[in-house]
Amino acid sequence: MRILIGVTGSIAAYKAAEVVSALKKSGAEVTVVMTEHATELVGPATFRGLSGNEVRVGLFERWPGKPIHIDLATGHDVVAIIPATANIIGKIACGICDDLLSTVVLSTRSPVLVAPAMNEAMYGNVAVQENIATLKERGISFIEPETGWLACGVEGIGRLASLDTILAAIGDAASTADVAGASDAVAAPKAAAASKDLAGRKVVVTGGATLEPLDEVRFISNRSSGKMAAALARVAVRRGAETVLVAGVMAVPPPPGVKVVRVETGAEMKQAIQDEWEDTDCIVMAAAVCDFRPERVAKGKLKRRDGLVLKLASTDDILGSFSRKKNKRMMVGFALETENAVEGGKRKLDEKDLDLVIANNPLREGTGFGSDKNAGYLIYRDGRVEEMPLMSKLDLSEKVFDAVASHLAAMP
Ligand code: CTP
């Protein structure tokens with residue numbers, strides 16, 4: 001598998017080194033093309049060392065045979081720009097090729113992935129957003145940036161996607177690339193070369209936090225980031241499932257190829273699942289549903305001077321209610337347990353009549369809300385318990401869908 005990584009002049013350029021290193025480790029052949037600006041931030045020697053190949057910057061470098069940009073454009077199965085500045089995005093959108101990277105991108109027929117990383121205001125700029133929309137329409141895939149702390153000292157959207165997300169996107173692009181041997185040696189997810197064992201199946205994944213209003217401006221909610229659900233949905237799509245993501249409040253963007261239904265309250269989530277229920281084969285309920293809602297929702301805004309005693313009512317158990325009428329559908333739940341995860345997970349599996357439970361402790365170090373990693377136990381209907389050591393949420397999703405695929409395949 002031959003991958004061309006284009007590095008541009010964003011402060012996140014140093015993170016491209018990790019991407020190159022992980023790809024190399026997986027056996028991929030990696031070539032790096034840098035813009036002049038990128039070389040101000042990270043030395044070409046870093047990428048030369050990590051990729052084992054000469055790093056290219058100039059359009060007029062000496063190159064045997066064909067012109068350098070044509071050779072690079074035709075010699076790679078995936079072209080990924082990591083990180084991508086507003087400048088390169090604008091240039092590709094307008095067809096400008098005034099350096100090696102932009103010229104290669106314009107000359108290639110391979111799938112192009114773009115991972116933007118920039119200041120929040122730049123990212124939100126109308127020109128940048130219009131250029132992104134134009135490129136998406138033309139079939140260029142974006143690895144959406146995350147929300148978080150930015151190098152310019154503000155909190156907002158524009159941070160380069162996580163390493164796992166980038167590797168997964170490259171893996172997805174490689175596994176669908178129309179080239180011989182495309183899936184030979186791609187990085188995470190490790191099963192990128194796996195078969196489409198969920199083709200013909202419909203999977204509904206729920207994720208993120210629900211919120212329950214107190215009045216017309218306030219609500220109660222929880223800390224779920226939706227990263228687990230985004231990973232699950234990404235893996236379901238890659239394995240060929242028609243995938244619906246019923247998304248509460250999520251801090252990460254949904255992966256490409258997924259039908260997204262946005263909801264806020266638990267009642268809306270329940271209705272959204274009901275709307276998809278008829279032809280669904282499997283529900284994976286990763287959402288952190290609020291267990292309580294204010295008994296009454298005040299009109300307008302409650303006044304501070306009036307004080308407030310909140311009376312909460314329990315929300316419906318969404319998963320349990322659908323499980324009761326599941327028929328041949330596979331029901332997968334999460335059990336969030338701060339102690340005795342296996343015991344609590346088994347109880348929930350029985351009480352909610354589930355087929356698989358992922359029991360995890362969100363307080364365990366290195367896991368939980370906002371983290372890219374998770375750990376816990378897979379608890380099966382037949383009593384088997386499989387311990388899941390600390391792993392990326394994408395790898396855990398692969399395990400979950402291994403179980404889903406074999407359960408569905410065994411159904412009469
Ligand atoms: N769940 C649901 N509806 C709710 C609460 C939870 O469908 N109102 C789902 C969750 O998405 C998860 C599973 O049920 O897949 C277990 O959620 P968890 O919060 O661990 O357990 P609860 O059922 O809420 O029980 P408790 O809070 O008492 O542990």
Side-chain angles (χ1 to χ4, degrees), residues 203-213 219-233 236 244-250 261-277 280 282-295 312-326 329-364 367-370 374-381 385 388 393 396-397 399-401 403-404 407:
V203 171
V204 173
V205 176
T206 70
T210 60
L211 57 84
E212 300 292 343
F219 57 83
I220 53 175
S221 190
N222 59 64
R223 293 177 186 278
S224 172
S225 66
K227 282 188 175 177
M228 190 67 234
L232 285 160
V244 179
L245 176 63
V246 178
V249 182
M250 293 182 44
V261 182
R262 298 272 180 193
V263 297
E264 290 193 339
T265 64
E268 288 170 9
M269 183 164 277
K270 192 171 176 185
Q271 184 57 50
I273 298 171
Q274 183 58 49
D275 293 345
E276 303 292 338
W277 180 249
T280 288
C282 172
I283 303 243
V284 184
M285 191 86 190
V289 182
C290 286
D291 284 331
F292 305 101
R293 60 177 172 79
E295 218 171 55
L312 300 175
S314 296
T315 53
D316 286 350
D317 175 5
I318 301 175
L319 189 56
S321 70
F322 281 103
S323 237
R324 273 190 286 282
K325 52 175 185 179
K326 68 179 175 180
R329 295 175 187 84
M330 181 177 187
M331 306 299 286
V332 181
F334 278 73
L336 222 60
E337 308 289 342
T338 48
E339 47 200 44
N340 300 333
V342 174
E343 201 182 297
K346 280 186 169 165
R347 188 172 39 77
K348 280 175 190 163
L349 184 131
D350 287 339
E351 279 173 10
K352 299 184 192 233
D353 191 17
L354 304 177
D355 301 293
L356 178 71
V357 161
I358 303 103
N360 61 328
N361 177 353
L363 305 183
R364 185 181 150 162
T367 74
F369 299 137
N374 210 343
Y377 301 87
L378 289 192
I379 303 172
Y380 297 85
R381 178 116 210 139
V385 176
M388 297 287 120
K393 287 184 173 173
L396 181 62
S397 302
K399 299 268 183 204
V400 170
F401 283 111
V404 169
H407 178 98

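Because only heavy atoms are used, hydrogens play no part in the values below, and waters and symmetry mates are left out as well, while side chains stay in. Note that the coordinates shown come from a computational prediction; the quantities given were computed from them, not determined experimentally. Read the numbers this way: they start at 1 and go in the same order the structure lists the ligands and their atoms.
With salt bridges taken as basic N to acidic carboxylate O contacts below 4.0 Å, one links K348 and E337. Using a 4.0 Å cut-off between a side-chain N of Lys or Arg and a carboxylate O of Asp or Glu, K326 and D355 qualify as a salt bridge. Salt bridge annotation for D353-R381: present, with a cationic side-chain nitrogen under 4.0 angstrom from a carboxylate oxygen.
Partners of E276 according to the side chain to side chain donor-acceptor pair (under 3.5 Å) rule, which considers only residues two or more places apart in sequence or in another chain, are K202, K259.
The neighbour count for E295 CD, taken as heavy atoms of other residues, nucleotides or ligands under 6.0 Å away, is above 12.
In this structure, CG in L336 is found 8.0 Å from CG in N361, a value given to the nearest 0.5 Å.
Contact residues of ligand 1 (protein heavy atom closer than 4.0 angstrom to a ligand atom; sorted by chain and number): M285, A287, V289, D291, T315, D316, D317, I318, L319, G333, F334, A335, L336, K348, K352.
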